[in-house]
Amino acid sequence: MLFKILISTLSLIELKLTSILKLKIRKKKLTEGKPNWYPMWKELGLDIEKHDLLMGALPQIYKKIYIDAQQNRPEGMGFFEFVVSDIHGIRVSELKKAKEKGKKVISTFCLYVPEEIIVALDAICIGLCGGTDFSNFASEALLPTNTCALIKSSLGFGLGNICPYFESSDLIVGETTCDGKKKCWEILSKHKPVYVLETPQCKDRPQSRVHFISELKALIIKLEEITGNKLSVDNLKAAMEKIKKKRTQIKRVYNTRKTDYVPISGKDALLVSQVAFYDDPDRQIQMVGQLADELEQRVKEGIGVTEKGAKRILVSGTPMAIPNWKIHHLVETKGAVIVAEETCTGTRYFESDYEIIGESLDELIQAIADRYLEINCACFTPNEGRKEDILRQVKEYKVDGVILYTLSFCQPYDIEAIGLEKELKKSGIPVISINTDYSSDDDGQLNTRIEAFLEML
Ligand code: BJ8
């Protein structure tokens with residue numbers, strides 16, 4: 001009942017957030033009691049028929065993976081469940097209202113696009129959809145078969161008119177990380193305004209830092225033009241504080257996963273990271289913070305989500321966009337627990353940090369550039385830092401085995417996986433390499449391989 005009342009208020013911002021925490025995670029149909037979003041979806045130009053198919057499938061997948069297959073979940077997950085249950089509704093209506101008041105929506109596909117700059121200019125930063133092959137119908141004619149699942153999916157969401165976030169975007173900020181994405185921007189720019197941030201290839205060189213800083217400044221000019229706002233020391237500092245706080249709360253959640261008796265499943269922790277990419281940062285600070293409070297209390301009381309002695313797994317590799325929960329589900333239905341993700345929907349999002357000091361825009365932009373250049377993505381060369389991150393995290397999270405996870409046809413991560421597998425084996429760390437896409441075609445084969453890997457630990 002409380003759930004229905006909450007939904008009927010239409011705007012999450014107007015919700016009394018603390019009351020959401022009281023929601024129990026219930027074994028009920030996730031679609032019930034929704035407001036009528038059809039007028040909004042039609043206005044945005046969505047393909048209603050296809051969008052209905054997508055929205056019809058998601059609750060069933062979520063129920064199977066999150067509700068039916070898990071026990072003893074933290075109550076704080078009620079908020080994240082609520083967000084997923086209305087994934088194309090309430091947040092999109094918030095964007096609509098904000099746009100009516102003159103705010104701009106800026107969409108991104110990569111961790112390298114600094115959200116603090118977007119927020120400082122009073123715009124909304126959204127990470128775009130891309131975690132299911134449902135959308136491939138709209139992109140397959142434009143891309144070679146050997147394109148990674150994330151690109152196929154994201155482009156499909158945009159061109160297939162099934163993503164209200166894409167339709168709400170005033171500007172898409174791409175980047176020059178992998179080759180596939182570079183070409184994707186060219187296709188997308190025929191349908192939406194796209195600006196490409198040039199990320200360096202060899203990020204450890206001093207001249208790359210200089211170049212990245214000048215690229216950030218060029219991006220700022222573009223964003224100022226789109227938003228009509230001007231970047232200042234004050235608004236940038238405030239936005240940096242806000243985003244830093246948001247990252248800190250996610251870090252607190254991850255820290256609780258380092259304990260012996262893990263208080264949150266890998267699936268739930270992944271969902272927290274995934275939602276962070278498109279929800280309102282202030283609300284995230286509050287809701288992730290409250291979840292972290294609960295998890296820290298669980299740790300004190302020795303409340304865990306697995307049997308004691310469950311095998312602890314680190315997943316490292318390509319990002320996992322909603323609803324890509326495939327590997328987490330396969331691993332955690334076998335009694336093991338994923339304790340960390342060395343991915344962009346995991347530790348890469350919050351590990352690097354900055355001090356917010358400096359009295360000029362130049363100093364603050366430099367601090368932002370330095371923070372981003374610490375993110376170890378396989379698109380850079382060399383990328384030794386990633387190996388160091390994995391080895392450190394294996395210790396910090398008391399990991400029994402590592403899954404190197406690569407989306408099929410992602411060459412940078414695929415190639416790194418071969419070297420990393422050798423390095424980890426040399427260090428005596430059990431490791432398995434998994435190369436897959438969003439389909440369930442290889443579920444049987446992956447089940448067998450993961451089962452054998454877990455038995456071996
Ligand atoms: S910082 S990981 S979000 S680039 S999986 S599209 S690399 S072919 S997503 Fe990424 Fe930024 Fe790096 Fe993170 Fe290309 Fe690979 Fe596909 Fe990928």
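Every number for a ligand or one of its atoms is a count from 1 in the order of the listing.
From the protein, the heavy atom lying nearest to atom 15 (Fe) of ligand 1 is Cys410 SG, 2.3 Å. Looking only at heavy atoms of the protein, atom 17 (Fe) of ligand 1 is closest to Leu150 CD2, 4.1 Å. Counting protein heavy atoms only, atom 5 (S) of ligand 1 is closest to Thr318 CG2, 3.5 Å.
The existence of a salt bridge linking Asp280 and Lys242 is excluded, since no basic side-chain nitrogen approaches an acidic carboxylate oxygen closer than 4.0 Å.
Per-residue contacts place Cys148 under 4.0 angstrom from the following atoms of ligand 1 (heavy atoms of the residue considered): 5 (S), 6 (S), 8 (S), 16 (Fe). Remark: ligand 1 atoms within the under-4.0 Å shell around heavy atoms of Tyr413 are 2 (S). For ligand 1, the atoms sitting less than 4.0 Å from at least one non-hydrogen atom of Cys110 are 1 (S), 3 (S), 4 (S), 11 (Fe), numbered in the order shown with element in parentheses. Proximity to Cys379 (heavy-atom distance under 4.0 Å) selects the following atoms of ligand 1: 7 (S). Atoms of ligand 1 found under 4.0 Å from any heavy atom of Leu111 (numbered from 1 in listed order, with element): 3 (S), 11 (Fe). Heavy-atom proximity to Cys377, at under 4.0 Å, picks out these atoms of ligand 1: 1 (S), 2 (S), 4 (S), 12 (Fe). Heavy-atom contacts of Lys181 reach the following atoms of ligand 1: 4 (S), 6 (S), 9 (S), 10 (Fe), 11 (Fe) (cutoff under 4.0 Å). Applying the 4.0 Å criterion to heavy atoms of Thr177 picks out, from ligand 1, the atoms 4 (S).
A ring-centre distance under 6.0 Å is not found for Trp37 and His88. Between Phe277 and Tyr349, a ring centre-to-centre spacing shorter than 6.0 Å is recorded.
Side-chain contact check for Gln286 and Arg283: no donor-acceptor pair (N or O, by modelled atom type) lies under 3.5 Å. Checked by atom type, the side-chain pair Tyr254/Glu341 shows a donor-acceptor distance below 3.5 Å. Donor-acceptor pairing under 3.5 Å is recorded for the side chains of Ser439 and Asp437. No donor-acceptor contact under 3.5 angstrom links the side chains of Arg247 and Ser352, judged on distance only. A side-chain donor-acceptor contact under 3.5 Å links Asp389 and Asn376.
With contacts defined as side-chain heavy-atom distances shorter than 4.5 Å, the pair Leu231/Leu361 qualifies.
Contacts between Ala149 and ligand 1, counted as non-hydrogen atom pairs separated by less than 4.0 Å, are absent for every part of the residue. Looking at Ile151 against ligand 1, only its side chain comes within 4.0 Å, counting heavy atoms.
None of the N, O or S atoms belonging to Cys178 lies under 2.8 Å away from atom 15 (Fe) of ligand 1.
Look at Pro412 and you'll find every heavy atom at least 4.0 Å from all atoms of ligand 1. The closest approach between any non-hydrogen atom of Gly180 and ligand 1 is not below 4.0 Å.
How far CZ of Arg91 is from CG of Asp279: 5.5 Å, rounded to the nearest 0.5 Å.
When Cys344, Cys184, Ala321 are ranked by how near their heavy atoms come to atom 13 (Fe) of ligand 1, first place goes to Cys344.
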